Amino acid sequence: DVQLQASGGGLVQPGGSLRLSCAASGFAFNAYTIAWFRQAPGKEREPVSVISSSGTTSYYRDSVKGRFTISRDNIETTVYLQMDSLKPEDTAVYYCAGDPRSPNRYTWFFTSQYEHWGQGTQVTVSS
């Protein structure tokens, strides 16, 4: 049974940090690309970042470059999203998704590229 479990969300003040985790089970995690997406109320789901199965390739949406860092631990079968210098516009439900294909810089941001999705974790950035 494939599972992707996102956790680590919460309420944080602007300028603060959070680390999200995506724990995986039920599939060959170390062969899968894992991505983070987010969805704010009334908006479409948007890509945040992606990391290849080996961890050597990653991409970020422009608005989070320099503030967010994606990483993975293939022994613990977990992907992390370290989020620093958080802004109110980062408020959203964050989802992780997995796919066996390597990430492509031209297509990684499409939701249709991902085979498996987890439930989301709420991130609220507010003073």
Side-chain angles (χ1 to χ4, degrees):
D1 189 26
V2 173
Q3 286 197 347
L4 289 166
Q5 182 91 20
S7 63
L11 173 64
V12 63
Q13 292 187 343
S17 297
L18 280 175
R19 189 176 81 156
L20 304 185
S21 298
C22 175
S25 62
F27 63 99
F29 178 81
N30 60 2
Y32 270 61
T33 288
I34 302 293
W36 286 97
F37 284 74
R38 66 187 182 188
Q39 188 166 18
K43 295 189 177 181
E44 292 190 356
R45 193 168 295 191
E46 63 182 24
V48 177
S49 183
V50 65
I51 189 166
S52 61
S53 58
S54 64
T56 55
T57 300
S58 59
Y59 300 116
Y60 298 86
R61 69 179 296 111
D62 286 347
S63 63
V64 307
K65 285 180 182 176
R67 300 189 298 120
F68 291 11
T69 304
I70 193 169
S71 62
R72 67 189 295 157
D73 184 333
N74 282 351
I75 295 175
E76 296 295 327
T77 66
T78 301
V79 168
Y80 302 100
L81 186 68
Q82 177 67 40
M83 306 188 296
D84 299 318
S85 302
L86 282 161
K87 303 176 181 180
E89 51 263 44
D90 295 317
T91 295
V93 177
Y94 283 69
Y95 300 88
C96 54
D99 195 81
R101 293 168 291 185
S102 297
N104 179 298
R105 67 173 65 246
Y106 302 110
T107 61
W108 73 270
F109 38 79
F110 292 116
T111 58
S112 59
Q113 292 292 300
Y114 300 92
E115 185 176 273
H116 304 299
W117 288 82
Q119 94 299 346
T121 186
Q122 175 71 48
V123 172
T124 302
V125 185
S126 174
S127 55

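Because the structure is a prediction, the values reported are computed rather than measured.
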Exercise. Hey, what else clusters with Val50 if you join Ile, Leu, Val, Met, Phe, Trp, Tyr whenever side-chain heavy atoms sit under 4.5 Å?
Worked result: Phe37, Tyr59, Val93, Tyr95, Trp108, Phe109, Phe110, Tyr114, Trp117
Exercise. Do you know which two heavy atoms are closest between Gln39 and Lys43, and how far apart they sit?
Worked result: NE2-O, 3.1 Å
Exercise. Tell me the disulfide (SG to SG under 2.5 Å) pairs involving residues 68-104, sequence neighbours left out?
Worked result: Cys22-Cys96
Exercise. Taking atom CD of Glu44 as the centre, does the number of heavy atoms from other residues, nucleotides or ligands within less than 6.0 Å exceed 12?
Worked result: no
Problem set entry | Least distance between heavy atoms, Thr91 atom then Ala40 atom | O-CB, 3.7 Å
For this session: Would you check if the distance from the ring center of Phe27 to the ring center of Tyr32 is below 6.0 Å?
Result: yes
For this session: Verify whether one side chain among Ser126 and Thr124 offers a donor that lies under 3.5 Å from an acceptor in the other.
Result: no
Problem set entry | Polar side-chain atom of Asn74 near backbone of Ser53 as donor-acceptor pair, under 3.5 Å | yes
Exercise. Got a donor-acceptor contact below 3.5 angstrom from the Ser49 side chain to the Ile70 backbone?
Worked result: no
For this session: Please check if the side chain of Ser52 supplies one atom and the backbone of Thr57 the other of a donor-acceptor pair under 3.5 Å.
Result: yes
Exercise. Hey, are Tyr94 and Arg38 close enough side-chain-wise for a donor-acceptor pair under 3.5 Å?
Worked result: yes
Problem set entry | Taking every non-hydrogen atom, the tightest pair across Leu4 and His116 | CD1-O, 3.5 Å
Seminar exercise, completed: Residues Phe29 and Val79: closest non-hydrogen pair is CZ-CG2, 3.6 Å
Problem set entry | Distance in Å, Ser21 OG paired with Arg72 CZ, rounded so as to fall on 0.5 Å steps | 13.5 Å
Exercise. With distance as the sole test, does Thr77 use its side chain to make a donor-acceptor pair with the main-chain N or O of Ala24 at under 3.5 Å?
Worked result: yes
Seminar exercise, completed: Taking every heavy atom of Leu86 against every heavy atom of Leu18, the minimum-distance pair comes out as CD1-N, 3.8 Å
Exercise. Between CG of Leu81 and OG1 of Thr121, what distance do you get to the nearest 0.5 Å?
Worked result: 11.0 Å
For this session: Please answer whether the main-chain N or O of Glu115 pairs with a side-chain N or O of Asp99 as donor and acceptor at a distance below 3.5 Å.
Result: yes
Problem set entry | Lys/Arg-Asp/Glu bridge criterion (N-O < 4.0 Å) met for Lys65, Asp62 | yes
Problem set entry | Closest heavy-atom pair and its distance - Pro103, Thr33 | CD-OG1, 3.0 Å
Exercise. Do the side chains of Gln119 and Gln5 get nearer than 4.5 Å, heavy atoms only?
Worked result: yes
